[in-house]
Amino acid sequence: MRALVLLGLVGFAAQLVDGSLGMAYGVTSTTLLLAIGTNPAAASATVHLAEIGTTLASGVSHWRFDNIDWKVVAKIGIPGAVGAFAGATFLSSLSTDVAAPIMSLILLTLGIYILIRFTAFGLPKDNLGKPLRKRFLGPLGLVAGFVDATGGGGWGPVGTPAILASGRLAPRKVIGSIDASEFLVAIAASIGFFVGIGSENIDFSWVAVLLIGGVIAAPIAAWLVRHIPPRILGSAVGGVIILTNVRTLLRSDWIDAPGNVQTIAYITIAVIWAGAIAISVRAYRRAKAEESVEAIEAELRARRDEEETTSAS
């Protein structure tokens, strides 16, 4: 019962992050399942089955808040489904001893990417309004879907930053579109895992609890995406993912690091993580201050123009 409650809270927290950042539900949930010793293919299958419900709920919530570009959903979702099915069948063919470190390595890479992306870079806006072409979204969806299934997460970490970097779609539209298209990816990956490992290795009570937690969080996240600072949240989530998967790798047969080495690694990561969050907080406050100054200057210009117009008349 304690494990189920914990999984429910993880599902809630993971969807809250995913719906606000457009990423990290699968990465966060799979990381936890691996940490408690779940078979890698079964862990990814469990998360993707739960994601069928959470992405549907998230998509509906984002639709109600007008956060979705349906043309983007169609162009990236279908190739993503193809990639996810291929990734699921590939992961199912690997032994647990081989798959666990590989999955942790993928998750660690994604965690580092998230941490660096949100700590060091802002969101470009110079190309807002320009169309996103199929020749860009198609290959992106194929790669993101494959990584998502093999790593237990990756649709958001691969897809969201790539579309954000183009600067052609408002951040809230990027997040809503990625979350909505992930519904297709989750279905395709789940079918691939059923083909590869069958249903006997999947604990459906875990699926249900993750799903319930995620569904409860989905509408809250769709609202938060308009208000929460993504830079700070991204740095915080990236650190969690890095710390957890470094722990898995250090304890794996690949490395089997002694206890003192593990302790030094954890302390080092914690210091870097705290520094990244501090940088993100400062950058967010600086950006808000600059926005306030620009708003005041715009208001003063408007008043001057109004006074000049009145004087001229």
Side-chain angles (χ1 to χ4, degrees), residues 6 9-10 13-36 40 43 100-124 144 147-148 150-162 164-165 171 175 221 224-225 228-290:
L6 177 61
L9 292 173
V10 167
Q15 183 57 44
L16 203 61
V17 171
D18 187 272
S20 302
L21 285 181
M23 65 179 73
Y25 179 89
V27 177
T28 305
S29 301
T30 305
T31 292
L32 174 72
L33 292 177
L34 284 180
I36 62 177
I102 290 176
M103 182 180 283
S104 287
L105 194 57
I106 293 173
L107 292 169
L108 174 60
T109 303
L110 294 173
I112 293 171
Y113 184 84
I114 292 170
L115 183 70
I116 294 174
R117 175 72 197 184
F118 284 92
T119 301
F121 303 102
L123 303 178
V147 172
D148 187 81
T150 53
W155 178 251
V158 174
T160 299
L164 283 174
I175 293 168
L224 281 176
V225 74
I228 198 168
R231 194 163 192 165
I232 298 172
L233 185 58
S235 296
V237 172
V240 172
I241 295 166
I242 291 170
L243 186 62
T244 308
N245 286 287
V246 164
R247 175 179 177 273
T248 300
L249 285 169
L250 289 177
R251 296 185 174 190
S252 69
D253 292 338
W254 281 13
I255 301 176
D256 192 21
N260 60 335
V261 173
Q262 293 184 37
T263 301
I264 293 171
Y266 301 151
I267 293 174
T268 302
I269 292 169
V271 170
I272 294 173
W273 183 16
I277 293 175
I279 291 171
S280 293
V281 170
R282 283 199 298 269
Y284 171 70
R285 289 177 176 173
R286 185 168 58 249
K288 293 297 290 184
E290 290 173 355

Query raised in the report: For Thr263, what residues pass the side-chain contact (heavy atoms from CB on, under 4.5 Å) criterion, not counting sequence neighbours?
Result: Ile267
Query raised in the report: Can you name the residues that form a side chain to side chain donor-acceptor pair (under 3.5 Å) with Thr150, not counting sequence neighbours?
Result: none
**Report entry** Sequence-distant partners of Ile277, side-chain contact (heavy atoms from CB on, under 4.5 Å), two or more places apart
**Finding:** Ser235, Ala236, Trp273, Val281
Query raised in the report: Thr109: what forms a side chain to side chain donor-acceptor pair (under 3.5 Å) with it, not counting sequence neighbours?
Result: none
Report task. With sequence neighbours excluded, give me every salt bridge (charged side-chain N to carboxylate O under 4.0 Å, His left out) pair touching residues 259-287. Result -> none
Query - side-chain contact (heavy atoms from CB on, under 4.5 Å) partners of Ala257, counting only residues at least two apart - result: Leu250, Ile255, Val261, Gln262
**Report entry** Ile112: side-chain contact (heavy atoms from CB on, under 4.5 Å) partners, not counting sequence neighbours
**Finding:** Leu108, Ile116, Ile242
